[in-house]
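All ligand and atom numbering here is 1-based and tracks the order in the structure.
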Amino acid sequence: MLRPGRLKGPVYASMSRLVMKFGGTSVGDVDRIARVARIVASEARRGRGLAVVVSAMAGETDRLVGLARGAGGQGGNEALSGAGFDDEYDVVVSAGEQVTTGLLALALRRLGLKARSWQNWQIPFRTDAAHARARVADFDTTELGGSIDEGVIAVAPGFQGITVGNRITTLGRGGSDTSAVALAAALKAERCDIYTDVDGVYTTDPRIVSRARRLDKISYEEMLEMASLGAKVLQTRSVELAFAQRVPVRVLSSFVEPGAPNPGTLVCAEDQIVEKHIVSGIAYSRDEAKITLLGVANSISAEANIFGRLADAGVNVDMIVQTEARHEGRRNIVFTCPDRDAPLAAETIESQREKVGVDEIHVRRDVAKVSVIGIGMRSQVGVARTMFEALAQKGINIEAIATSEIKISVLIDAAYTELAVRALHTAYGLDAA
Ligand code: ADP
Ligand code: ASP
Ligand code: MG
């Protein structure tokens with residue numbers, strides 16, 4: 001997927017190109033858009049072809065989601081309930097970005113630069129037809145790339161695309177990051193710079209741990225785990241795409257005046273990182289629910305039945321723990337899923353209760369997942385012990401554990417999330433001096 005824009009003529013661009021992306025807070029009002037224009041202008045002076053991807057102004061997408069829900073009924077999921085609504089939901093919620101493209105193009109022209117906005121149908125930026133969570137498909141950047149190479153700054157809307165049937169789609173919340181990386185891959189850009197309201201990727205969310213440190217570099221693998229385990233600084237899909245297409249991504253601040261130091265964090269291949277940390281970061285997610293099934297009848301197909309039905313219902317199951325029950329011939333199963341899926345998960349199992357044979361179903365929604373991530377973990381023993389000891393010292397009970405080669409996640413009572421993140425940050429020596 002995403003072959004470089006089926007460029008006619010030479011495969012490589014005639015000039016080097018850069019993609020810059022600005023998130024919602026960075027374009028939150030016209031003064032901020034003016035500052036973004038100055039940042040873009042300063043980059044333009046370096047002589048590279050520029051494509052700029054923008055989000056909707058802060059709060060705008062939330063407002064549009066509210067309007068769509070009001071008109072189409074409340075849905076349990078991100079979009080609206082039921083198929084047959086999501087295409088029009090996308091029409092509504094994609095509107096915010098169009099405004100920002102025009103405002104930024106105007107601000108750039110005011111500075112004397114050549115700039116134009118490109119809506120998705122004009123590029124055309126193609127996606128599949130999975131409304132509200134569309135995936136980027138192959139698209140042709142011949143015209144866009146040509147215009148950029150002629151020195152016209154392209155300003156494109158993030159978060160959205162169009163299907164082959166020319167219907168508007170959106171890529172899921174936070175999707176402008178993915179738009180930017182996809183454009184960078186298709187344009188064969190040197191790098192994709194993601195400007196946001198923090199000056200890089202930190203060891204953990206700097207809003208909850210004041211002693212978090214900015215990382216100079218982080219590997220794609222670690223960033224992928226950080227994002228998928230809750231660090232919303234980059235949308236998970238954008239990191240997947242950057243990893244697959246080897247697009248170097250830099251995360252940096254849009255609140256710095258052009259010319260001031262702004263090194264940010266480079267998301268890059270592991271072999272470009274000299275100093276490998278055992279633990280690079282800590283992520284947390286409060287969007288979790290824990291479902292406990294007590295006394296599940298022992299049968300070879302019990303798990304296949306339970307998790308098969310949950311998959312059919314569209315419940316995204318994460319951690320799974322299975323233990324022997326006290327009664328012979330029975331076992332207990334605990335699993336987690338996103339909090340918003342909890343009622344659906346419980347209903348689905350309730351409807352299978354007779355068939356599968358489940359004594360009790362319990363749902364807990366006040367849980368959180370805290371994860372430690374680091375590529376150094378692959379070759380280091382004792383990482384889990386440090387985690388368990390640090391949590392035990394704070395009296396925090398672990399309700400489930402999941403591991404991969406480069407991460408350990410634990411499920412805990414949500415009330416202790418910040419305490420756990422801070423304790424782990426200290427235990428792994430990540431606190432800033
Ligand atoms: P944008 O609107 O620019 O896309 P987001 O709000 O999506 O910005 O992402 C930036 C936010 O991500 C920061 O304000 C910060 O609170 C949060 N964040 C969470 N984890 C991290 C982390 N490890 N490093 C940096 N920021 C993080
Ligand atoms: N505006 C969209 C959102 O708020 C996309 C983005 O900002 O990345 O989710
Ligand atoms: Mg974002």
Side-chain angles (χ1 to χ4, degrees), residues 20-28 32 36 53-66 68 78-79 89-90 92-101 120 132-134 156-161 169-182 192-218 222-239 249-255 264-265 267 279-287 370-374 417-418 421 424-425 430 432:
M20 307 169 79
K21 178 256 167 178
F22 294 89
T25 324
S26 309
V27 294
R32 288 185 182 171
V36 165
V53 173
V54 288
S55 290
M57 295 164 87
E60 185 58 11
T61 309
D62 287 342
R63 189 182 73 85
L64 296 169
V65 168
E78 194 170 270
Y89 164 92
D90 280 350
V92 177
V93 304
S94 62
E97 272 74 8
Q98 177 168 339
V99 174
T100 327
T101 59
N120 290 291
R133 54 191 153 80
F159 179 52
Q160 56 202 273
T169 52
T170 61
L171 309 180
R173 296 305 303 267
S176 298
D177 299 328
T178 303
S179 311
V181 172
C192 181
D193 283 350
I194 307 274
Y195 285 83
T196 183
D197 57 4
V198 275
D199 65 352
V201 178
Y202 276 67
T203 46
T204 193
D205 189 346
R207 296 198 196 287
I208 73 158
V209 178
S210 58
R211 298 180 77 185
R213 279 190 286 123
R214 180 179 57 80
L215 297 160
D216 289 329
K217 290 183 177 180
I218 185 168
E222 288 169 315
M223 192 63 237
L224 196 52
E225 293 281 11
M226 290 273 277
S228 66
L229 293 167
K232 72 162 191 166
V233 60
L234 289 176
Q235 199 200 32
T236 308
R237 283 268 181 81
S238 72
V239 189
V249 171
R250 193 162 61 128
V251 177
L252 67 172
S253 171
S254 69
F255 288 80
T265 300
V267 186
V279 169
S280 298
I282 297 166
Y284 66 92
S285 161
R286 291 195 180 93
D287 178 24
V370 176
S371 309
V372 299
I373 298 126
T417 312
E418 296 187 10
V421 172
L424 295 171
H425 201 264
L430 297 174

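For the pair Thr203/Leu215, a side-chain contact is recorded, criterion being any heavy-atom separation below 4.5 Å from C-beta on. Two residues are said to be in side-chain contact when any heavy atoms from C-beta on lie closer than 4.5 Å; Asp193 and Arg250 meet this criterion. In this structure the side chain of Phe255 reaches within 4.5 angstrom of the side chain of Thr25, judged on heavy atoms.
For atom 7 (O) of ligand 1, the closest non-hydrogen atom of the protein is Lys232 O, 3.5 Å. In terms of protein heavy atoms, atom 6 (C) of ligand 2 is closest to Ser176 OG, 3.3 Å. Looking only at heavy atoms of the protein, atom 25 (C) of ligand 1 is closest to Gly200 O, 3.4 Å. Residue, atom and distance of the protein heavy atom nearest to atom 14 (O) of ligand 1 are Arg207 NH2, 2.6 Å. Looking at atom 3 (O) of ligand 1, its nearest protein heavy atom turns out to be Thr196 OG1, 2.6 Å. Protein heavy atom in closest approach to atom 4 (O) of ligand 2: Arg173 NH2, 2.9 Å. For atom 4 (O) of ligand 1, the nearest non-hydrogen atom of the protein is Lys21 NZ, 3.2 Å. Given atom 2 (O) of ligand 1, the protein heavy atom at minimum distance is Gly24 N, 3.3 Å. The single protein non-hydrogen atom nearest to atom 7 (O) of ligand 2 is Ser55 OG, 3.0 Å, given as residue, atom name and distance. Shortest contact from atom 23 (N) of ligand 1 to any protein heavy atom: Tyr202 O, 3.0 Å. Considering only non-hydrogen protein atoms, atom 17 (C) of ligand 1 sits nearest to Asp205 OD1, 3.8 Å.
For a threshold of 3.5 Å applied to N or O pairs, the pair formed by Thr203 and ligand 1 contains no separation below that value. When only interatomic distances are considered, the shortest N/O to N/O separation between Thr61 and ligand 2 falls below 3.5 Å. Looking at ligand 2, you'll find an N or O of Gly174 within less than 3.5 Å of one of its N or O atoms. Looking at ligand 2, you won't find any N or O of Asp177 less than 3.5 Å from one of its N or O atoms.
Scanning both residues, Gly23 and Ser55, for their nearest heavy atoms gives CA-OG, 3.5 Å.
Between Thr265 atom OG1 and Arg214 atom CZ the span is 5.5 Å, to the nearest 0.5 Å. Remark: Ser254 OG to Met20 CE distance equals 10.0 Å, nearest 0.5 Å.
Residue-ligand proximity: Gly175 is placed with a non-hydrogen atom under 4.0 Å from ligand 2. For the ligand labelled ligand 1, residue Gln235 lies outside the 4.0 Å heavy-atom shell.
Shown are Thr417, Thr204, Asp205; of these, the side chain to side chain donor-acceptor pair (under 3.5 Å) with Tyr284 is made only by Asp205.
Closest heavy-atom approach to atom 10 (C) of ligand 1 within the set Asp197, Val201, Leu234: this belongs to Asp197. Considering only non-hydrogen atoms, atom 27 (C) of ligand 1 lies nearest to Val233 out of Val233, Thr265, Ile373.
If you number the atoms of ligand 1 from 1 as listed, the ones under 4.0 Å from a heavy atom of Ala231 come out as 20 (N). Near Pro206, meaning under 4.0 Å from one of its heavy atoms, ligand 1 places the atoms 24 (N), 25 (C), 26 (N), 27 (C). Every atom of ligand 1 with a heavy atom of Met226 under 4.0 Å away is listed here by number and element: 23 (N).
Between Arg207 and Asp197, at least one side-chain nitrogen of the basic residue sits less than 4.0 Å from a carboxylate oxygen of the acidic one, meeting the salt-bridge criterion.
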Exercise for the section: Test Asp90 against Thr169 for side chain to side chain donor-acceptor pair (under 3.5 Å), laying out the working first. Expected result: CA-CA 5 Å; Asp90 280 350; Thr169 52; 5.4 Å; no
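With hydrogens and angles disregarded, no donor-acceptor distance shorter than 3.5 Å links the side chain of Thr170 to the backbone of Phe159.
Only the side chain of Glu97 comes within 4.0 Å of ligand 2, counting heavy atoms alone; its backbone N, CA, C and O stay farther away.
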